[in-house]
Amino acid sequence: MSIMVKVEEKLYQNRYIVDESRPHIQIRNADVCKSCDSQACTVCCPAACYSRNETGGVTLVTDGCLECGTCRVVCQDKGNIAWDYPRGGYGISYKFG
Amino acid sequence: MVEKFDAIVIGAGPSGNAATYTLAKQGLKVLQLERGEYPGAKNVQGGIMYSHELEKIIPDFRDDCPTERHIIEQRVWLLGDDSYVGTNYRSEGFNTDAPNRYTIIRANIDKWWAERIRKVGGLQICETTVTELIRDASGRVTGVRTDREGGEIHADVVIMADGVNALLAKRAGMQAEAAPENVALAVKEILFIDPELIQQRFGIKEEEGVVIEIMGKVTKGMVGTAFLYTNKESLTIGIGCLISDFKTGSCPPYRMLEDLKNHPVIKPLIEGAEMKEYAAHMIPEGGYKAVPQLYGDGWMVVGDAAHFNNAAHREGSNLAMASGRMAAETVIGLHQAGRPYSAANLAAYKKKLDDSFIMKDLKKYRELPGIMHGNKQFFGAYPDEITAAAHNWFTVDSVDKKSKEKEIMKSFIKRRSVMGLVGDAIKLVRAVR
Ligand SMILES: Cc1cc2nc3c(=O)[nH]c(=O)nc-3n(C[C@H](O)[C@H](O)[C@H](O)COP(=O)(O)OP(=O)(O)OC[C@H]3O[C@@H](n4cnc5c(N)ncnc54)[C@H](O)[C@@H]3O)c2cc1C
Ligand code: SF4
Ligand code: SF4
């Protein structure tokens, strides 16, 4: 009975301090994603930052990132995600948490 | 000139706050670094706050701590497709002058801590990400590097209170990346609503609170739990599962949360409320066996970064506060004795942990594998309730299935949900035996 849900609408409520053109997470090698069977990052990320693209690989857009660390944990066997925190003060800024 | 501190604490969550406050109160020169825009900006909690550990550090916390409601009723619900079976424990006895559990809005609590830390002379600096530990040739930690210009700061000892990601210890080779079966991912929302409606729907007075711990079909077979808590003017709803289960599953966390919100027994409770924030955070749930190295020359690790989380009892922030306090007390002891912060001397921290509820509880449940997460609700605040609940599920397991099924069928409408629930019960019993 899964209901269609737009995660963008949820993320829209959040406050972010964007560090323009300084993504704090990067995919190391796009080819590794193409041969990744599970592409688990696309399912696990709570902000839907990872999506399958038309080349069979995965595109990462960190704008809505909640800095949880889940993608780094799921991709540890492939080690294809370079994960860091944003610079101090940037990124998600929870009002309530 | 490079500035030098007695101690640096990395992170302004409950573990780092407890450590910083305790050190500053004893007159040590302590610097606390936090990467968030303000304290709490990066943090997520359900949240229930337990008084006991906080009271030990700040006995008069009730004077100004911005808690939400004290909890007078605990519900544990097992959800079917369109039903629930559950237990409630409510007592007028929880309406005391010094309640034991409160619902909280985490960002408010972290800001309050900052003020209390300032008052005892601790220095907290936000908007500063620590990028690396500084170590000398022998490997001893002598300070930290930050992302600020000229951001090297030195101290006699560094306490890592940087939470579940624990990037600094991982980078320094002090601990390994967490296995997906040892961490849960939780997502939650805060829903604002007229307090009158909260009081009506949950049958409570102003100041009184209800917490509902939830499991069952909503986690779609994954090991996980959900919750619904009452704040003053808002409700908090969330759900979390082991990352290993999300990884092999097909349901993204936000869809799971949306399904929970639309469940027929949950929906009427949150109807008309306005969503104001969506958050996600990991929870360390590997237990005793996942606890990393806790100290070394010039350093200690506390709280979630040390994997101190008792998933079986839904306790995290209290272990964080207790471990932060113990690390600080270890430092104070050595400082006063004029002894160095060598690994051999800091072993006293581990000893304190071993002698406390932290390690004793983690050890008790060490065989509870990743399944811990699924048992949390049954192991809420009241041990008697816990055993009674566990016994119920055990009975369902051990008596011959056909007669038990008949019994259960009476209280449930749909066969499928019954089987789902029985399956969950078996999982639980296996995990807590
Ligand atoms: C959804 C959810 C519900 C929960 N519910 C409960 C509950 O009801 N009751 C309970 O007791 N516990 C609960 N917990 C667990 C509890 O929140 C944690 O155990 C607790 O917050 C851990 O405290 P900590 O200080 O160790 O880490 P954190 O609270 O994570 O604090 C770490 C701090 O360090 C900062 N930091 C990290 N890295 C750096 C760096 N490199 N430089 C500078 N700063 C850094 C972070 O910004 C953060 O402020 C819940 C957790 C979640 C996710
Ligand atoms: S899990 Fe890692 S390797 Fe696989 S698609 Fe995602 S980022 Fe690429
Ligand atoms: S850290 Fe969390 S929110 Fe950010 S991209 Fe990774 S999984 Fe998504």
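Every chain is numbered from 1, with letters handed out A, B, ... down the list of sequences.
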### Check: Ile92(A) main-chain N/O paired with Lys42(B) side-chain donor or acceptor under 3.5 Å
yes

### Task
Please report the C-alpha distance between Leu185(B) and Cys68(A) in whole Å, then the side-chain angles of each, then the deciding distance to 0.1 Å, and finally whether the side-chain contact (heavy atoms from CB on, under 4.5 Å) criterion is met.
CA-CA 8 Å; Leu185(B) 167 66; Cys68(A) 65; 4.1 Å; yes

### Task
Starting at CD of Gln76(A), measure out to CD1 of Ile243(B) and round the result to the nearest 0.5 Å.
9.5 Å

### Task
Before giving the answer on side-chain contact (heavy atoms from CB on, under 4.5 Å), spell out for Phe246(B) and Val43(A) the whole-Å C-alpha distance, their side-chain angles and the decisive distance to 0.1 Å.
CA-CA 7 Å; Phe246(B) 274 126; Val43(A) 177; 5.7 Å; no

### Message
Let's test your reading of the structure: which of Ile105(B), Asn165(B), Val44(B) forms the most heavy-atom pairs below 4.5 Å with chain A?
### Response
Asn165(B)

### Query
Based on non-hydrogen pairs under 4.5 Å, which of Val130(B), Asp147(B), Val187(B) is most in contact with chain A?
Asp147(B)

### Message
Other residues, nucleotides and ligands only: do more than 12 of their heavy atoms fall within 6.0 Å of NZ on Lys34(A)?
### Response
yes

### Task
With a 4.5 Å cut-off on heavy-atom pairs, point out which of Arg106(B), Glu34(B), Arg148(B) contacts chain A the most.
Arg106(B)

### Query
Measuring heavy-atom distances to chain A, does Ala186(B) have an atom under 4.5 Å in its side chain, in its backbone, in both, or in neither?
neither

### Query
Shortest non-hydrogen contact from Glu177(B) to Val73(A)?
OE2-CG2, 3.8 Å

#### Entry: Trace of the ring pair (Phe, Tyr, Trp, His ring centres under 6.0 Å) decision for Phe96(A) with Phe192(B)
CA-CA 11 Å; Phe96(A) 308 106; Phe192(B) 279 79; 5.1 Å; yes

### Query
So, do Tyr90(A) and Thr129(B) sit near enough that their side-chain heavy atoms are less than 4.5 Å apart?
no

### Message
Does any backbone or side-chain atom of Cys41(A) lie under 4.5 Å from a heavy atom of chain B? Answer side chain, backbone, both or neither.
### Response
neither

### Task
May I ask you to name which of Glu9(A), Lys10(A), Glu67(A) has the most heavy-atom pairs under 4.5 Å with chain B?
Lys10(A)

### Message
Looking at Leu167(B), is its backbone amide N or carbonyl O close enough to the side chain of Tyr85(A) to form a donor-acceptor pair, meaning the two atoms are under 3.5 Å apart?
### Response
no

#### Entry: Shortest non-hydrogen contact from Cys44(A) toward Pro253(B)
O-CG, 3.4 Å

### Task
Could you look at Asp84(A) and say if it's the side chain, the backbone, both or neither that has a heavy atom under 4.5 Å from chain B?
both

### Task
Working to the nearest 0.5 Å, report the span between NE2 of His281(B) and OG1 of Thr70(A).
10.0 Å

#### Entry: Evaluation steps, side-chain contact (heavy atoms from CB on, under 4.5 Å), between Asn43(B) and Tyr94(A)
CA-CA 7 Å; Asn43(B) 299 337; Tyr94(A) 290 123; 6.0 Å; no

#### Entry: Side chain Glu277(B), main chain Gly97(A), donor-acceptor under 3.5 Å
yes

#### Entry: Top contributor to chain B interface from Ala48(A), Ala40(A), Pro46(A) [non-hydrogen pairs under 4.5 Å]
Pro46(A)

### Task
Determine, step by step, whether Arg72(A) and Met282(B) satisfy the side-chain contact (heavy atoms from CB on, under 4.5 Å) criterion, reporting the C-alpha distance in whole Å, the side-chain angles of both residues, the deciding distance to 0.1 Å, and the verdict.
CA-CA 12 Å; Arg72(A) 192 191 68 242; Met282(B) 295 199 297; 4.2 Å; yes

### Top of Ser93(A), Ala47(A), Gly69(A) for chain B proximity - count of heavy-atom pairs under 4.5 angstrom
Ser93(A)

### Message
Would you compute the distance between atom OH of Tyr278(B) and atom CG of Leu11(A) and round it to the nearest 0.5 angstrom?
### Response
6.5 Å

### Message
Taking the side chain as everything from C-beta on, heavy atoms only, tell me whether Arg87(A) gets closer than 4.5 Å to Thr131(B).
### Response
no

